[in-house]
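Owing to the predicted nature of the structure, the values given are computational and were not obtained by experimental measurement. To find a chain, count down the sequence lines: A is the first, B the second, and so on, and within it residues start at 1. We use all heavy atoms of the structure for the numbers below, so side chains are in, but hydrogens, waters and symmetry mates are not.
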There are 2 protein chains.
Amino acid sequence: MDKREGNGIETPMVFAAALADGMGANVCIRRLKAGETLYVEGESADYCYEIVSGVIKEYNTLEDGRRQVAEFYSAVEMFGFSESEDQLHTAEAITPCTVRCYPREAFMKTVAASPALSASFLKTLMTRLHRARERMVMIGRMSAIQRVATFLLRLADDQEARANVHLAMSRQDIADHLGLTIETVCRTLTELKKQQIIVMESARIFTIADEASLEAVAMGSRARLH
Amino acid sequence: MDKREGNGIETPMVFAAALADGMGANVCIRRLKAGETLYVEGESADYCYEIVSGVIKEYNTLEDGRRQVAEFYSAVEMFGFSESEDQLHTAEAITPCTVRCYPREAFMKTVAASPALSASFLKTLMTRLHRARERMVMIGRMSAIQRVATFLLRLADDQEARANVHLAMSRQDIADHLGLTIETVCRTLTELKKQQIIVMESARIFTIADEASLEAVAMGSRARLH
DNA sequence: CGCCGCCTTGACTCCCTTCAATGCGAGTGG
DNA sequence: CCACTCGCATTGAAGGGAGTCAAGGCGGCG
């Protein structure tokens, strides 16, 4: 299973286009500041969203306050659909964001009415499911350094860059995404720096200095701490 | 997030019925012995499946031979759809099984062509996605005993029983499902026995003796080993 | 300048894995 | 009927990787 596929633009053009046709009048744009929530777990799910710019994290909060970040979404991804009437996650902007909002009922009807849209939407969901399972493998079976390496590689791929890759999210967000603690994420990044596999331009910007090694670490070559 | 919802019959009746109408002629039945594989990761995905009887595990194998079991499927669940042309998982019978096989192309077309079927199928996929995310939380944030307790409760719910609940899968399968080792699963079960929260009739049959405690353990009351 | 949030590092602990041996039930053949 | 075996399950001992607790460090902003 390739951990690095399935990124980039996963919402075929036909999607946005046909949607705009079908329900143009009801769509609205919303702008969010960093830290603002788009929706909160438990509230009524009235809209589906398409992200135009910025980065959004979707997460659950456990009883003890810990979080599990299910996904980070960036430009042109759709999200916010749920099989229940209520939102099952909380979505929060981690950078200033622009999102397009589709009324849920109308959105679902429009999709169900068009075979082409249905097929696209099904595909999006299946991709999402596949990603979730990849991450289950990652969280369940990979060491901290493997998880972080995999995460960095995915970010670099998404941004189609190897130098000055931007970390939109905080260390805490990364930890919550990878099923680690913030301290472990830090130490692991430090270790990758020490091994000169990555260079940190700043806390939020990094460059991959040795991609082969980073991939080797991600694949589980026993490159240990120490 | 309630860990115990979303089980049981998740494929609405309209599904099977309309499918039978739409493509009755092309559907075939297949029987599997325990241990037989239905499909293997990487091979061409020509069918979608509906399980009539028995239990199937769907998993990935990592380079080093470890496995991550994505799901166990039992009666009346549909599975085997993938966004790619190829199977992304391996499906293997863990008991003797009967499955109904739908040719993939025709299946997808039939679904996309019918708004009602589309809606059902979407719901199934969203439920599956939700389950995958619940399990990400479980694997990423819960202790071994919490995971095992949660797993036992889910099994009992699926079988709608509290006594003589059947474990169709081996300890290894459970471990691979929960992101643990077989030894940890064993020790954890032993600990739950010692605390008289469960009783093991045999290695593969258990009874929940103290459901409240089992739920407390699953929720994370600090019931430690020792 | 000084506060505040985020990040980093250190020391210690502990839960889970690893490695290794033993138990146990079912099927087989002498 | 019983010895033998094979796969699965259980238990023990030891070690390590990541969590926890605690103390700075650093950069941005009023």
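Environment of CZ in B/Arg31: sparse, with no more than 12 heavy atoms of neighbouring residues, nucleotides or ligands closer than 6.0 Å.
With rounding to whole Å, A/Leu167 atom CG is found 15 Å from C/dC6 atom P. Rounded to whole Å, the distance from CD1 on B/Ile145 to C1' on C/dC14 is 15 Å. Atom P of nucleotide C/dT9 and atom CG of A/Leu192 are separated by 12 Å, given to the nearest angstrom. Across the protein-nucleic acid pair, B/Met142 atom CE and D/dA18 atom C1' stand 19 Å apart, rounded to whole Å. Distance CD (A/Glu191) to P (D/dG17): 11 Å, rounded to an integer number of Å. Rounded to an integer number of Å, the gap from B/Arg141 CZ to C/dC16 P is 14 Å. Atom-to-atom, CD of A/Gln146 to C1' of D/dA18 comes out at 14 Å; the value is rounded to the nearest Å.
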Under a 4.0 Å heavy-atom criterion, the protein footprint on nucleotides 7-14 of chain D, written with B, S and -, is -SSBBBB-
Protein-proximity profile, nucleotides 24-30 of chain D, B/S/- by nucleotide at the 4.0 Å heavy-atom cutoff, equals -------
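In this structure, the helix from C/dC1-D/dG30 to C/dG30-D/dC1 shows an angle of 20° between the axis at its start and the axis at its end, each fitted on 5 base pairs and rounded to 10°.
Under the rule for a side chain to side chain contact (heavy atoms under 4.5 Å, CB included), the partners of B/Ala149 that lie at least two apart in sequence or sit in another chain are B/Leu214, B/Val217, B/Ala218. Contacts of B/Tyr49 classified as side chain to side chain contact (heavy atoms under 4.5 Å, CB included), with partners at least two apart in sequence or in another chain: B/Leu38, B/Tyr39, B/Tyr47, B/Phe79, B/Val99, B/Cys101. With sequence neighbours left out, the ring-ring contact (aromatic ring centres under 6.0 Å, His included) criterion links A/Phe81 to A/Phe121. Residues meeting the side chain to side chain contact (heavy atoms under 4.5 Å, CB included) test with A/Thr184, sequence neighbours left out: A/Ala144, A/Leu180, A/Thr181, A/Thr188. Qualifying ring-ring contact (aromatic ring centres under 6.0 Å, His included) partners for B/Tyr59, counting only residues two or more places apart in sequence or in other chains: none. Every residue two or more places apart in sequence or in another chain was checked for a side-chain hydrogen bond (donor to acceptor under 3.5 Å, both in side chains) with A/Thr95, and none qualifies. Under the rule for a side chain to side chain contact (heavy atoms under 4.5 Å, CB included), the partners of B/Lys33 that lie at least two apart in sequence or sit in another chain are B/Glu36. Remark: A/Phe151 engages A/His177 in a ring-ring contact (aromatic ring centres under 6.0 Å, His included) (not counting sequence neighbours).
Close to D/dA18, at under 4.0 Å from its OP1 or OP2, lies no side-chain N or O of A/Thr181.
The main-chain N or O of B/Arg204 is found under 3.5 Å from a side-chain atom of B/Ser202 such that the two form a donor-acceptor pair.
Within the nucleic acid shown, B/Gly179 comes within 4.0 Å of sugar-phosphate atoms alone, with no base atom in reach, counting heavy atoms only.
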Just distance, no hydrogens or angles: give the donor-acceptor pairs under 3.5 Å from side chains in residues 163-170 of chain A, sequence neighbours left out.
{"unit_1": "A/Ser170", "atom_1": "OG", "unit_2": "A/Gln172", "atom_2": "N", "d": "3.3"}
{"unit_1": "A/Ser170", "atom_1": "OG", "unit_2": "A/Asp173", "atom_2": "N", "d": "3.1"}
{"unit_1": "A/Ser170", "atom_1": "OG", "unit_2": "A/Asp173", "atom_2": "OD2", "d": "3.4"}

